[in-house]
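To start, the structure itself, in structure tokens.
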There are 2 protein chains.
Amino acid sequence: MKSINWSASDLEAFSALAQTRHFTRAAERCHLSQSAFSQKIRRMEDSLGARLFERSTRQVSLTPEGEVFAEDVLRIEGELRQALAQLRDLAQCRTGRVAVAALPSVAAVWMPALIARWRALHPQVTVTLHDTLAHAGLALLREGRVDLAITAGGDLREFDTEVLMTEPYWLVCRADHPLAAREAVTLAGLVGEEVIHLSRGSSVRQHLEHVPQVQGLRASPLEVEHLATLAALVAQGLGVTLVPELTLFHFRQAGLAAVPLDEPSLARPIVLARRKGRALSAAAQAFQALLREAPLAVRPVR
Amino acid sequence: MKSINWSASDLEAFSALAQTRHFTRAAERCHLSQSAFSQKIRRMEDSLGARLFERSTRQVSLTPEGEVFAEDVLRIEGELRQALAQLRDLAQCRTGRVAVAALPSVAAVWMPALIARWRALHPQVTVTLHDTLAHAGLALLREGRVDLAITAGGDLREFDTEVLMTEPYWLVCRADHPLAAREAVTLAGLVGEEVIHLSRGSSVRQHLEHVPQVQGLRASPLEVEHLATLAALVAQGLGVTLVPELTLFHFRQAGLAAVPLDEPSLARPIVLARRKGRALSAAAQAFQALLREAPLAVRPVR
DNA sequence: GTCAATTACGTTCTCCGTAAGGATG
DNA sequence: CATCCTTACGGAGAACGTAATTGAC
């Protein structure tokens, strides 16, 4: 009546015998010798203090207790199998979900191709993309609503971070502007230009405000919330503007020109943030790996 | 990444660590050395190809995959425990049910005390008692509606049988009948008496019809279905009757007397019948054991 | 420096396979 | 007598414990 350590193979052996009602065939199904199989069943019965099978040398059948047990075992076996399979699938990114928050510019320029690659690699893993401003993205991360946040600047001390890429700025001006034809410009070359800024809530503006040389430029009294508006103002000839590379797609229109700003100090870091002390899911790890190689593939041109 | 044979102790170890988040304490809970415990967890992770826990030497926490698995494991562990417990309970007659069919006389005379003993021994095991005539009882047995049938005679070839007791017959007559005072009578001593029989459907009558000496007696033209009617007819002085011992309780009334019939050949066997080739449940086995000793305790007196 | 998890290594013990035994039709 | 389950016995490998090692705070 000694207690044994019930294992999946025990359950399997039991249900094989319950179904076949034949030791030899059940043993084959379990890839065991008939003798070992017999011992296995015997050990189970001993540990329970109950016969599970009624056997003569010619006939094997379940006892009433065995029948009750058979139902339970069949169910439990399936659940265990399913739990293990689910775990394997999660670990191998054959199923699961990953949620990412990204700045709108990142979401619009960088993510689409990346998500396309992701879907090719892991078609069964759901990706949820939140295109949010920096603050909102970090809030989602803090609450655990997303696994990863891609942001720029801000107070990131509560998170684990890594810089994915540093994003250069570009000058945007009218196509007929004297600077439009230049290969590159510097901040010094912008003295006298009227610069239209985004409003103070934007991460771009916050970044620019920390750069003394930008403070030295002439700021337009105009301040807008949206890049589309900014493009229209510049197109109208009301000034020029400075924007990070990833936002350039807003300015690809007739009448506007973009010129690289040759100011390494101004490049803004695009940061990947994770919750501190929290392990990433396998899917999130895989997505992160993709993020790390992706910047190499992204080179927006003028 | 080698596959292991998942056992109950593995699930237990996992859930212990998931709850305590501390290897040393979880190992204690599982009665394992901390080292063995650590290896156990490692083997599980290896076999899954997935980390279940995120550990530093100071901090242990579940990975996202581990959390998913934890829910499953907790449920499965409980179900396995419950299935094993239920089986043990069934085997030890700590729960369960047993159904018995018995002749009305057996049910009325023998069963009540026996069931009382049963309930003292196995209070949680439900007993269903069907007090049926022989034919109906065997039908219930054949259909598997009862585990055991207690009957007398009939065609029992399709069942496994054993004789529980052989029941002597008694003469029942008026108290003022000449034979009433006798210590015992024989069939020969009944010549000339008018004997009232039960109707041909009863097992008693069928049994008596196979005894030549009874055929030699003078049969009353009266035939009744019920023993109570029979008692009334005898009390009225319309004849005497022959009944098995277990039915005597119907005749314990003023004006009637019962005299042992000293005819071993007439004793009718009370038979316990089981379905052939079917194992009995533990509860049914225990009930059967009680039945086997019970006849010794039953000695109805005059 | 202490606490806690991992690694190393020798040992124990479970479990399996081969082979002999026994029961049943 | 053939089939099929059980018992006997020896061996391989899994799992455990002690002890040394590594790592974090």
Side-chain angles (χ1 to χ4, degrees), chain A residues 1-63 66 160 276-279, chain B residues 1-63 66 84 157 160 276-279:
Chain A
M1 178 94 72
K2 200 174 111 212
S3 182
I4 70 168
N5 183 17
W6 287 78
S7 70
S9 74
D10 292 321
L11 302 185
E12 192 184 341
F14 172 81
S15 72
L17 185 53
Q19 283 164 26
T20 63
R21 302 180 174 219
H22 196 285
F23 275 73
T24 307
R25 281 193 278 279
E28 282 170 12
R29 181 189 292 192
C30 295
H31 310 294
L32 280 176
S33 75
Q34 191 277 326
S35 159
F37 188 88
S38 184
Q39 295 175 50
K40 216 180 206 339
I41 298 291
R42 184 163 152 49
R43 275 195 301 276
M44 292 190 238
E45 291 181 327
D46 285 353
S47 87
L48 292 166
R51 296 232 111 185
L52 293 169
F53 296 94
E54 194 66 26
R55 54 267 227 191
S56 68
T57 48
R58 291 286 167 188
Q59 185 78 12
V60 175
S61 62
L62 283 161
T63 61
D160 279 336
K276 246 180 191 159
R278 293 278 181 160
Chain B
M1 176 92 75
K2 202 174 110 212
S3 180
I4 70 168
N5 183 18
W6 287 78
S7 71
S9 74
D10 292 322
L11 302 186
E12 191 185 341
F14 172 81
S15 73
L17 185 54
Q19 283 164 26
T20 63
R21 304 182 172 217
H22 196 286
F23 274 73
T24 307
R25 280 193 278 279
E28 283 170 12
R29 182 190 291 193
C30 295
H31 310 292
L32 280 177
S33 74
Q34 192 276 326
S35 159
F37 188 88
S38 184
Q39 294 174 50
K40 215 180 206 341
I41 298 292
R42 184 160 155 48
R43 275 194 302 277
M44 291 190 238
E45 291 181 327
D46 285 354
S47 87
L48 292 166
R51 296 232 110 185
L52 293 168
F53 296 94
E54 193 66 24
R55 56 267 227 190
S56 67
T57 49
R58 290 286 166 186
Q59 186 78 12
V60 175
S61 61
L62 284 161
T63 61
L84 294 174
R157 282 173 300 184
D160 279 336
K276 245 179 191 160
R278 292 277 183 162

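Computed from a prediction, not measured in an experiment: that's the story for all the values here.
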Does the plane of the ring in A:Phe14 sit parallel, tilted or perpendicular to the ring in A:Phe53? Use 30° and 60° as the thresholds. tilted

May I have the distance from B:Ile4 (atom CD1) to D:dG13 (atom P), rounded to whole angstrom? 18 Å

Looking only at side chains, do B:Gln19 and B:Arg29 share a donor and an acceptor under 3.5 Å apart? yes

Apply side chain to side chain donor-acceptor pair (under 3.5 Å) to the pair A:Gln39 and A:Ser35, showing each step before the final yes or no. CA-CA 6 Å; A:Gln39 295 175 50; A:Ser35 159; 3.2 Å; yes

Between B:Phe37 and B:Cys30, is there a side-chain heavy-atom distance shorter than 4.5 Å? yes

Taking the side chain from B:Ser38 and the backbone from B:Gln34, do they hold a donor-acceptor pair closer than 3.5 Å? no

Can you list, in residue-number order, the parts of residues 12-39 of chain A that come under 4.0 Å of DNA chain C, counting heavy atoms only? A:Leu32, A:Ser33, A:Ser35, A:Ala36, A:Gln39

Ignoring hydrogens and geometry, is there a side-chain-to-backbone donor-acceptor pair from A:Thr63 to A:Leu52 under 3.5 Å? yes

Under 4.0 Å between a side-chain N or O of B:Arg55 and OP1 or OP2 of D:dG23? no

When you measure from the side chain of B:Ser3 to the backbone N and O of B:Ser47, does any donor-acceptor pair fall under 3.5 Å? no

Report yes if some heavy atom in the side chain of A:His22 is under 4.5 Å from a heavy atom in the side chain of A:Leu17; otherwise report no. no

Students should find that the nucleotides of DNA chain C closing off the region near chain A, any atom under 4.0 angstrom from a heavy atom, are C:dT14 to C:dG25

